[in-house]
Chemist: 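Attaching a single structure in structure tokens format; questions to follow.
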Amino acid sequence: MQMNGSNDMLVEMEKRLRATQAEIFERYVPDRIARRIVERLLSSATIRPMMELELNGCTSSESARILMAEELISISTFRSRAKGFFGQECEGIELSSLGISTLFEVQEGLEGNPWMSFIQGAIIAYACIDYGSGICGTRSRIESSLDHPDPDVFERFVFLRTGQYQFQCNRFSKTRVDSEERASTAGWWSVVDDVKRGGDILDFSIS
């Protein structure tokens, strides 16, 4: 392979990405000490995904693989009871005992801290994030999306180890759920269901 020397494309890209992220953190969290806490937690490769599982019932498949490698989640299989998928084998993920204790240690002492509430609010502002390889979810999140058909969500669920999509069909191709309706089902799959939340899907697979 012939090369003509280096170029600065990736260097510039990474610097701009970091600068943009820093600017957003500074705009939303003006206090320097608080900003360090918020940035550390939300930039973590494990803490944010674990909080997503607790609050949103799902996380990206990329994040789920990291959690699995760290033994912070466990995989379980179950049979769907939903009409249209009855009897189909499904796969969900849950925080493991290590994951539960790790997340507890991170949040311990911050229960009444307004910045912890701010972090939680930032996470429940969206329903899920798909970077192009699908998402992994808890059993309750999966069952809810099937019982109250939301194909924009359930068609993104993948088997963690293989990356294969779990639900591929055209039965609900014309069914669409708006963000408000999606958010209203949080009582079935989130540890927090009595607050205002967002229901948008952040789909970066088509960007």
Side-chain angles (χ1 to χ4, degrees), residues 7-67 70 72-73 95 99-100 102-138 141 150 152-153 156 176-187 189-207:
N7 64 73
D8 294 330
M9 182 186 75
L10 293 179
V11 173
E12 181 180 354
M13 189 182 303
E14 291 294 335
K15 285 183 176 180
R16 286 193 180 184
L17 181 63
R18 180 66 180 176
T20 299
Q21 187 179 54
E23 186 273 328
I24 292 174
F25 274 124
E26 186 172 349
R27 174 153 45 94
Y28 278 90
V29 190
D31 182 82
R32 184 178 300 178
I33 296 176
R35 188 161 64 244
R36 290 177 182 172
I37 297 174
V38 173
E39 186 172 4
R40 177 176 61 85
L41 295 180
L42 290 182
S43 299
S44 169
T46 57
I47 296 173
R48 176 179 169 182
M50 286 194 292
M51 294 184 70
E52 287 178 333
L53 281 178
E54 269 207 335
L55 298 169
N56 294 347
C58 60
T59 190
S60 69
S61 63
E62 293 88 349
S63 292
R65 291 190 186 97
I66 294 174
L67 296 180
E70 298 292 330
L72 296 170
I73 57 172
L95 289 179
I100 293 173
T102 300
L103 191 56
F104 175 79
E105 290 174 4
V106 168
Q107 300 180 94
E108 187 177 15
L110 295 175
E111 294 86 351
N113 189 302
W115 292 113
M116 177 54 70
S117 178
F118 175 84
I119 291 170
Q120 294 168 335
I123 291 175
I124 65 172
Y126 55 89
C128 65
I129 299 180
D130 184 352
Y131 293 108
S133 299
I135 63 177
C136 294
T138 61
R141 187 71 172 94
D150 189 351
D152 283 337
V153 172
R156 298 175 189 276
R176 287 295 173 264
V177 176
D178 63 34
S179 60
E180 185 175 346
E181 184 179 356
R182 181 176 298 119
S184 71
T185 66
W189 41 262
S190 177
V191 297
V192 177
D193 66 340
D194 57 348
V195 296
K196 181 180 179 182
R197 64 162 60 232
D200 289 342
I201 296 171
L202 304 184
D203 187 354
F204 299 116
S205 63
I206 57 176
S207 60

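Model, not experiment: these values are computed from the prediction.
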Chemist: How long is the gap from CG on D150 to OG1 on T185, to the nearest 0.5 Å?
Modeler: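 D150 CG to T185 OG1: 7.5 Å, rounded to 0.5 Å.
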Chemist: Quick one: closest heavy-atom pair of G132 and S205, and the distance?
Modeler: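 For G132 versus S205, the nearest heavy atoms are CA-CB, 3.2 Å.
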Chemist: Applying side-chain contact (heavy atoms from CB on, under 4.5 Å) to T46 and T102, what does each step give before you reach the verdict?
Modeler: CA-CA 10 Å; T46 57; T102 300; 6.0 Å; no
Chemist: To the nearest 0.5 Å, tell me how far I73 CD1 sits from C136 SG.
Modeler: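 The SG atom of C136 is 7.0 Å from CD1 of I73, to the nearest 0.5 Å.
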Chemist: Considering non-hydrogen atoms only, spot the tightest contact between D200 and S179 and give its length.
Modeler: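 In terms of heavy atoms, the two residues are closest at OD1-CB, 3.1 Å.
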Chemist: With side-chain contact (heavy atoms from CB on, under 4.5 Å) as the test, would you mind laying out the steps for L42 and I123 before giving the verdict?
Modeler: CA-CA 9 Å; L42 290 182; I123 291 175; 4.3 Å; yes
Chemist: Any sub-3.5 Å donor-acceptor pair from D8's side-chain atoms to V11's backbone N or O?
Modeler: no
Chemist: Side chain to side chain donor-acceptor pair (under 3.5 Å) for S190 and R197? Distances and angles first, verdict last.
Modeler: CA-CA 11 Å; S190 177; R197 64 162 60 232; 2.9 Å; yes
Chemist: Roughly how far, to the nearest 0.5 Å, is CH2 of W189 from CG of L55?
Modeler: 9.0 Å
Chemist: Could you report the tightest heavy-atom contact between M51 and Q107, atom names first, then the distance?
Modeler: CE-OE1, 4.2 Å
Chemist: How long is the straight-line distance from OG of S43 back to CD of Q21, given to the nearest 0.5 Å?
Modeler: 4.5 Å
Chemist: Counting N and O atoms only, with roles assigned by atom type, does the side chain of S133 sit under 3.5 Å from a partner on the main chain of S61, one being a donor and the other an acceptor?
Modeler: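 No; judged by distance alone, with no hydrogens or angles, the pair does not exist.
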Chemist: Looking at R141 and N56, what are the two nearest heavy atoms and their distance?
Modeler: NE-O, 3.0 Å
Chemist: Could you walk me through whether L53 and L95 satisfy the side-chain contact (heavy atoms from CB on, under 4.5 Å) test, starting with their C-alpha distance in whole Å, then the side-chain angles of each, then the deciding distance to 0.1 Å, before giving a yes or no?
Modeler: CA-CA 8 Å; L53 281 178; L95 289 179; 4.0 Å; yes
Chemist: Could you report the tightest heavy-atom contact between C128 and R156, atom names first, then the distance?
Modeler: SG-CD, 4.4 Å
Chemist: So, R27 and E23, do they make that salt bridge, N to O below 4.0 Å?
Modeler: yes
Chemist: Do the ring planes of Y131 and F204 sit parallel (below 30°), tilted (30 to 60°) or perpendicular (above 60°)?
Modeler: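 Parallel, since the angle between the ring planes stays under 30°.
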Chemist: Does T20 reach the main-chain N or O of R16 with its side chain, forming a donor-acceptor pair under 3.5 Å?
Modeler: yes
Chemist: Any chance you could lay out the side-chain contact (heavy atoms from CB on, under 4.5 Å) test for V192 and Q120, step after step, and finish with the verdict?
Modeler: CA-CA 9 Å; V192 177; Q120 294 168 335; 5.8 Å; no
Chemist: Hey, could you give me the OG1/CG distance between T59 and D130, rounded to the nearest 0.5 Å?
Modeler: 11.0 Å
Chemist: Return the CD to OH distance between E52 and Y126, rounded to the nearest 0.5 Å.
Modeler: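 OH of Y126 is found 3.5 Å from CD of E52.
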Chemist: Closest heavy-atom contact between R182 and A127?
Modeler: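 Result for this residue pair: CD-CB, 3.7 Å.
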